[in-house]
Visitor: 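The following block contains the structure, expressed as structure tokens.
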There are 2 protein chains.
Amino acid sequence: MNRTAKGSRVTIADVARRAGVSAGAVSFALNDRPGVAEPTRRRILDAAAELNWTPNARAKSLSQSKAFALGLVIARRPELLGADPFFPSFIAGVETVLAEAGQSLVLNMVATPAIEQETYRRLSADGRVDGVFVTDLRAGDERIALLAELALPAVTLGRPDVTSPHPAVCLDDAHGVAAAVRALIERGHRHIGHVGGPLTFLHSRSRRRAWAEELATAGLPANLGAVADFTAAGGAQATVQLLRRRPRPTALVYGNDVMAIAGIAVAQQHQLRVPADLSIVGFDDITLAEHLHPPLSSVRTDPFGWGQAATRVLLELIAGESPPDLELPAAAAVLRESIGDCPGQPTRKRSPRVKEKT
Amino acid sequence: MNRTAKGSRVTIADVARRAGVSAGAVSFALNDRPGVAEPTRRRILDAAAELNWTPNARAKSLSQSKAFALGLVIARRPELLGADPFFPSFIAGVETVLAEAGQSLVLNMVATPAIEQETYRRLSADGRVDGVFVTDLRAGDERIALLAELALPAVTLGRPDVTSPHPAVCLDDAHGVAAAVRALIERGHRHIGHVGGPLTFLHSRSRRRAWAEELATAGLPANLGAVADFTAAGGAQATVQLLRRRPRPTALVYGNDVMAIAGIAVAQQHQLRVPADLSIVGFDDITLAEHLHPPLSSVRTDPFGWGQAATRVLLELIAGESPPDLELPAAAAVLRESIGDCPGQPTRKRSPRVKEKT
DNA sequence: TTGTAAGCGTTATCAA
DNA sequence: TTGATAACGCTTACAA
């Protein structure tokens, strides 16, 4: 801890005294702004280095009316987060950009949307953050209007279904799902089911829509849809129900990998072989996916890059610019051995080990 | 956004004016401290409520020289975090305590221990946090001394192997591992392997030691140990190597569930049935564990409770108290169908579906 | 019980 | 190019 002889923390005044200048000069020199002679600047920077002084973030915050921090409010039950690869990677991406900007991330995990609202209000009223990320967009999301009302800069991950004044950073997840469904159709599957997440989430909707539309394009009915809650238990239960339907699906597409893995287990309990009797596709492409038996086909997004991009946009917004919406490279299907030809439906030979970068 | 007619943010002065008192009085009333008459207090609180005023956290921070925030620095590659259930639950526990204390969590994810040190220094120098959590303790952990030098209040998760001035909040993970190994021995297993995490981590060490000691107690050699990196790929590779050993292990205990699941896949690729030919035990008890086929035996800890406890201790420490070390309930083995009797070694019949709460 | 004024450590505004 | 001086919005001695 850097302290002066008197035992108090080193302040800008100490540096100024040592360099023989005023505090204002130190401030100017440190934020390299014009109006300070080169020799003086040197002297000041040397003094700062000798005293090992860094401007106090709290004081800076007060005088500049800025928090130098961004907020991320996550509204999920923790058991849902445990196996979700999105946030860790997303946050890692955020951090890389934030670190070089000398800013911090304030994280808030809340259990319910009600507390979520309150959290945004408090974050804003307290002035703890300069802006926030809005993730897991919901249908008619009230946060859009709330944040506008609070005049709290925000960036949304994806485009809301309501009019929004906030810049959006988008990553098309539908594309990868569509590619996966196409791959299944190519392999002769005609009864392709879908186990999605709650349809309150826009990302759940777009993934399901991609599934339905791809089937429609192929002239197939999208009548094997189930909604689960992204948990292993929910995925298992939905799988059981879909496997009871007749004609039984020969392929199942899931809203995330956790549900897909639980689905594989259910299939095996039902004496169904994957992929011989049932093909499975997940979403997220968690690292575990390719180390399962059989390796799980999935759809890969780029949460890390998403975090970086969203952070840059948010920082620009806070800096007073008007960043346009941003579209990141779409999610891609990663096809592995969990999918195969439709049983009893001979099609042309093809290797499933193709990574479609479409 | 709460603004006065003049367009500026509502401050304590506005409230004071409206209530016809001084700013000091407002401060006293709000922090309910003695020395303000009841009717006055009422008037002040009413005025504050009408103006929808909340004290600005930045100003409070500066005047009190406190950040009202705690720091969590995570040094892990993001792909390692993706499937790790610990941090989401831990953070959720932290948040529950922090929220009611009106404080925030500042999260820092870094890639390497070098940046880690720098991060702690910056956090301290900038005064962004009042204290930090130290997770993933390592052998001879330099952070212990660093934080002492920085005079930054800290709480360690577990007890360091170096002298530490920081309070420790401990959860004995060895207990559950030992119970799981005992369960395997009871089922007749004599060749029980272990795939642990990097031995730089104290938790990796204690889990491995528990395995070795339990074997020693039974008069069995602990000669089937492998070290991996907590990833699926690493777990798979270590499993391959252990399965090459002769005599081949009939049971494998893992340092986390991800490696264990990858291990099951490797076994299946080797035409080994789980548990008929090979018993498997993981660690963490992720929610997916019981929805696998076969359901995965694991060791359950309580990251949520750990987060709550550590936060309380850290807040006490920051408040100037000297909280003692805290020991939480030990981890418990959760036995499921992934373990069974040793092949070719008839033992007494017993159901594996026993949750040992030892 | 209440008001006044001095911090907290910066940045920003003006004279000099 | 520099140095006072006033914000920033709150807490807290100290007077009244």
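All figures in this text were calculated on a predicted structure; none of them were measured in a lab. Order of the sequence lines fixes the chain letters, A, B, ..., with proteins taken first and strands second; residue numbering starts at 1 for each chain.
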Visitor: Between B/Asp126 and B/Arg128 (side chain of the first, backbone of the second, donor and acceptor by atom type, cut-off under 3.5 Å), is there such a pair?
Guide: no
Visitor: Walk along DNA chain C from 5' to 3' and tell me the first and last nucleotide with an atom closer than 4.0 Å to a non-hydrogen atom of chain B.
Guide: C/dT1 to C/dG9
Visitor: Specify the separation, in whole Å, of atom CG of B/Asp32 and atom C1' of D/dT11.
Guide: 15 Å
Visitor: In whole Å, what is the span from the CG atom of A/Asp126 to the P atom of D/dG9?
Guide: 14 Å
Visitor: Quickly work out the B/Ile44 CD1 to D/dC10 P distance and round it to whole Å.
Guide: 14 Å
Visitor: What nucleic acid atoms does A/Arg33 come within less than 4.0 Å of, heavy atoms only: base, sugar-phosphate, or nothing?
Guide: sugar-phosphate
Visitor: Rounded to the Å, how far apart are A/Lys66 NZ and D/dA7 C1'?
Guide: 18 Å
Visitor: Between atom CZ in A/Arg58 and atom P in D/dG9, what is the gap in whole Å?
Guide: 18 Å
Visitor: Can you check whether B/Phe68's main-chain N or O pairs, donor with acceptor, with B/Asp130's side chain at less than 3.5 Å?
Guide: yes
Visitor: Specify the angle, to 10°, made by the local axes at the two ends of the helix from C/dT1-D/dA16 to C/dA16-D/dT1 when five pairs are taken at each end.
Guide: 50°
Visitor: Please classify the nucleic acid contact of A/Gly127 as base, sugar-phosphate, or nothing, using heavy-atom distances under 4.0 Å.
Guide: nothing
Visitor: Has B/His166 got a side-chain atom pairing as donor or acceptor with B/Ile144's backbone, closer than 3.5 angstrom?
Guide: yes
Visitor: Both B/Val36 and B/Ala59 contact DNA chain C. Which one's nearest nucleotide lies toward the 5' end?
Guide: B/Val36
Visitor: Which part of the nucleic acid, if any, lies within reach of B/Val21 when heavy atoms closer than 4.0 Å are counted: base, sugar-phosphate only, or nothing?
Guide: sugar-phosphate
Visitor: Between B/Asp46 (side chain only) and B/Arg43 (backbone N and O only), is there a donor and an acceptor less than 3.5 Å apart?
Guide: no
Visitor: 5'-most contact on DNA chain C: B/Ala37 or A/Phe28, nearest heavy atom basis?
Guide: B/Ala37
Visitor: Provide, to the nearest angstrom, the distance between the CG atom belonging to B/Leu62 and the C1' atom belonging to D/dT11.
Guide: 10 Å
Visitor: Taking all atoms of both residues into account, what is the closest heavy-atom pair of A/Arg41 and A/Val36, and its distance?
Guide: NH2-CG1, 3.3 Å
Visitor: Could you give the CD-to-P distance, from B/Gln64 to D/dT11, as a whole number of Å?
Guide: 6 Å
Visitor: According to the interplanar angle, ranging from 0 to 90°, do the rings of A/Phe90 and A/Phe86 count as parallel (below 30°), tilted (30 to 60°) or perpendicular (above 60°)?
Guide: parallel
Visitor: Just how far, in rounded Å, is P of D/dT2 from CG of A/Leu30?
Guide: 16 Å
Visitor: With the side chain counted from C-beta on, respond yes when A/Arg143 and A/Val132 share a heavy-atom pair under 4.5 Å apart, and no when they do not.
Guide: no
Visitor: Between A/Arg138 and A/Glu116, is the closest basic N to carboxylate O distance under 4.0 Å?
Guide: yes
Visitor: Hey, does B/Ser61 reach any base, or is it just sugar-phosphate, or nothing, if we go heavy atoms under 4.0 Å?
Guide: nothing
Visitor: Check this one for me: any side-chain N or O of B/Asn31 less than 4.0 Å away from OP1 or OP2 of D/dT11?
Guide: yes
Visitor: Grab the two heavy atoms, one from B/Asp161 and one from B/Gly140, that are nearest each other, plus how far apart they are.
Guide: OD1-N, 2.9 Å
Visitor: Counting distance only, does the side-chain N/O of B/Ser61 pair as donor-acceptor with the main-chain N or O of B/Ala57 below 3.5 Å?
Guide: yes
